[in-house]
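Heads up, the thing below is written out as structure tokens.
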Amino acid sequence: MKKLLKGIAVAAAAALTIAALAGCGAKKDEAKTDAPAAEAPKTEKSDAIVFGTNAEFPPFEFISAKGGVIGEFDGIDMAIAKQIAEDCGKTAEINNMEFDSLLVALQNGQIDAVIAGMTVTDERKETVDFSTPYYTATQVMIVKSDSDIAKATDMADKNIAVIQGYTGEISVQGMGYSYQSFKKGTDAIMELVNGKADVVVIDKATAQKYVNDNENLKVVEDSEAFEKEEYAIAVAKGNTELLDKINSAIEKMLADGTVNELAAQYAVTAEE
Ligand code: ARG
């Protein structure tokens with residue numbers, strides 16, 4: 001049954017690919033007419049979709065020593081990016097950068113799309129357009145196993161660590177607590193392990209990965225304090241041509257169970 005469904009999905013994908021060949025990737029026509037090939041920005045290559053990410057966010061994106069689904073890049077988002085490109089008859093290229101730089105790079109035309117476990121927020125929506133969401137997430141707290149922190153308000157008098165520019169930082173800001181922000185999740189975790197921080201606020205799936213990889217840590221959830229978040233792919237404002245292709249690919253992957261399978265697969269990997 002699953003096979004049959006997949007077969008139908010493949011047929012649908014093939015049809016989509018034909019329809020999509022002319023449309024995927026930004027500014028293709030300009031590249032052909034205006035710019036000499038050697039000087040054309042990466043996004044104007046017609047055979048690749050350039051995705052920006054920040055590969056510091058397992059299980060969504062991380063660098064794998066064994067090699068990942070796109071070069072050295074592995075994770076749920078990387079598999080999704082690869083499938084989107086394939087549906088467009090193109091290859092996926094990854095441009096790894098700081099999380100804070102992603103939306104600027106998109107606006108500059110340095111990349112075609114951002115796939116980075118990025119939560120849709122009203123503020124971000126002012127500068128970029130988001131795809132259909134593909135994953136529901138929430139912020140959680142990572143604490144030492146013997147910590148007495150049981151809900152978000154328990155953080156009030158504690159040393160809180162967040163990651164710069166993540167929605168975890170925005171949540172803690174909204175609660176009015178002071179905090180220290182770090183460039184990477186692993187830096188914040190080090191601070192917790194070394195006893196300099198009492199709690200790290202970060203997305204749940206990533207938190208679970210860190211807890212699996214480090215002794216004596218646990219995840220504490222507070223669904224009343226932290227709102228539901230949705231991850232989506234971002235494109236430059238008004239790039240409906242690419243957004244339409246991305247949305248078709250995502251909707252297909254949601255419908256045929258690909259996203260669920262990837263989430264399960266990479267969660268298992270994360271526990272190894
Ligand atoms: N979901 C959070 C946010 O928007 C964290 C995303 C971090 N992603 C990454 N690839 N480092 O902002």
Side-chain angles (χ1 to χ4, degrees), residues 50-64 68-82 84 92-106 110-142 160-175 179 181-190 199-210 213 219 221 223 225-235 250 259 262-263 266-267 270:
V50 182
F51 289 93
T53 198
N54 167 253
E56 301 277 354
F57 198 62
F60 291 92
E61 43 266 334
F62 53 94
I63 290 174
S64 167
V69 290
I70 306 173
E72 60 182 338
F73 300 103
D74 207 0
I76 298 166
D77 283 345
M78 300 299 98
I80 290 174
K82 189 179 181 188
I84 289 170
E93 223 172 88
I94 299 300
N95 196 334
N96 189 25
M97 61 183 81
E98 290 193 359
F99 187 76
D100 269 353
S101 309
L102 286 166
L103 295 189
V104 179
L106 194 52
Q110 195 187 329
I111 52 179
D112 292 310
V114 169
I115 184 157
M118 184 174 274
T119 304
V120 180
T121 70
D122 287 341
E123 201 193 333
R124 290 171 181 166
K125 271 203 256 179
E126 281 170 21
T127 54
V128 296
D129 287 342
F130 281 101
S131 71
T132 301
Y134 60 90
Y135 187 87
T136 303
T138 185
Q139 299 299 308
V140 297
M141 297 169 281
I142 309 177
I160 307 173
V162 300
I163 297 82
Q164 204 176 302
Y166 285 19
T167 40
E169 177 175 29
I170 300 165
S171 297
V172 172
Q173 243 166 31
M175 292 170 184
Y179 59 84
S181 74
F182 295 86
K183 274 219 167 323
K184 299 176 181 181
T186 47
D187 294 344
I189 293 296
M190 269 305 123
V199 53
V200 174
V201 176
I202 194 166
D203 303 55
K204 184 173 170 180
T206 305
Q208 268 157 355
K209 165 74 180 143
Y210 289 139
D213 286 356
V219 167
E221 298 194 46
S223 56
F226 298 107
E227 284 171 12
K228 228 177 58 178
E229 300 185 10
E230 288 189 306
Y231 295 171
I233 296 171
V235 300
I250 287 180
V259 174
L262 286 171
Y266 280 97

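Counting starts at 1 for both ligands and their atoms, following the listed order. Below, all heavy atoms of this structure are taken into account, side chains as well, without hydrogens, waters or symmetry copies.
For ligand 1, the atoms sitting less than 4.0 Å from at least one non-hydrogen atom of E61 are 9 (C), 10 (N), numbered in the order shown with element in parentheses. Those atoms of ligand 1 that come under 4.0 Å of a heavy atom in Y231, given as number and element, are 1 (N). Interface of R124 with ligand 1, defined as ligand atoms under 4.0 Å from a residue heavy atom, comprises 3 (C), 4 (O), 12 (O). Remark: ligand 1 atoms within the under-4.0 Å shell around heavy atoms of A116 are 6 (C), 7 (C), 8 (N), 9 (C), 10 (N).
Checked against the 6.0 Å centroid criterion, the rings of F57 and Y166 qualify as a close aromatic pair.
At a threshold of 4.5 Å between non-hydrogen side-chain atoms, the residues R124 and T119 count as touching.
Checked by distance only, ligand 1 and E56 stay at 3.5 Å or farther apart across all their nitrogen or oxygen atoms. Distances between N or O atoms of F99 and those of ligand 1 include no value under 3.5 Å.
In this structure, F60 and Y231 have perpendicular ring planes: the angle between them is above 60°, well past the 30° mark.
Rounding to the nearest 0.5 angstrom, the gap separating the CZ atom in F62 from the CG atom in D77 is 10.5 Å. Taking CD of E126 as the reference point, atom CG of L103 lies at 12.0 Å (rounded to 0.5 Å). To the nearest 0.5 Å, atoms CD1 (I80) and OG (S131) are separated by 9.0 Å.
Among all protein heavy atoms, the one lying closest to atom 6 (C) of ligand 1 is G117 O, 3.3 Å. Atom 3 (C) of ligand 1 has as its closest protein heavy atom T167 OG1, 3.4 Å. Regarding atom 5 (C) of ligand 1, its nearest protein heavy-atom neighbour is D203 OD1, 3.5 Å.
No donor-acceptor pair closer than 3.5 Å links the side chain of D74 to the backbone N or O of I63.
Both the backbone and the side chain of N54 come within 4.0 Å of ligand 1, judged by heavy-atom distances.
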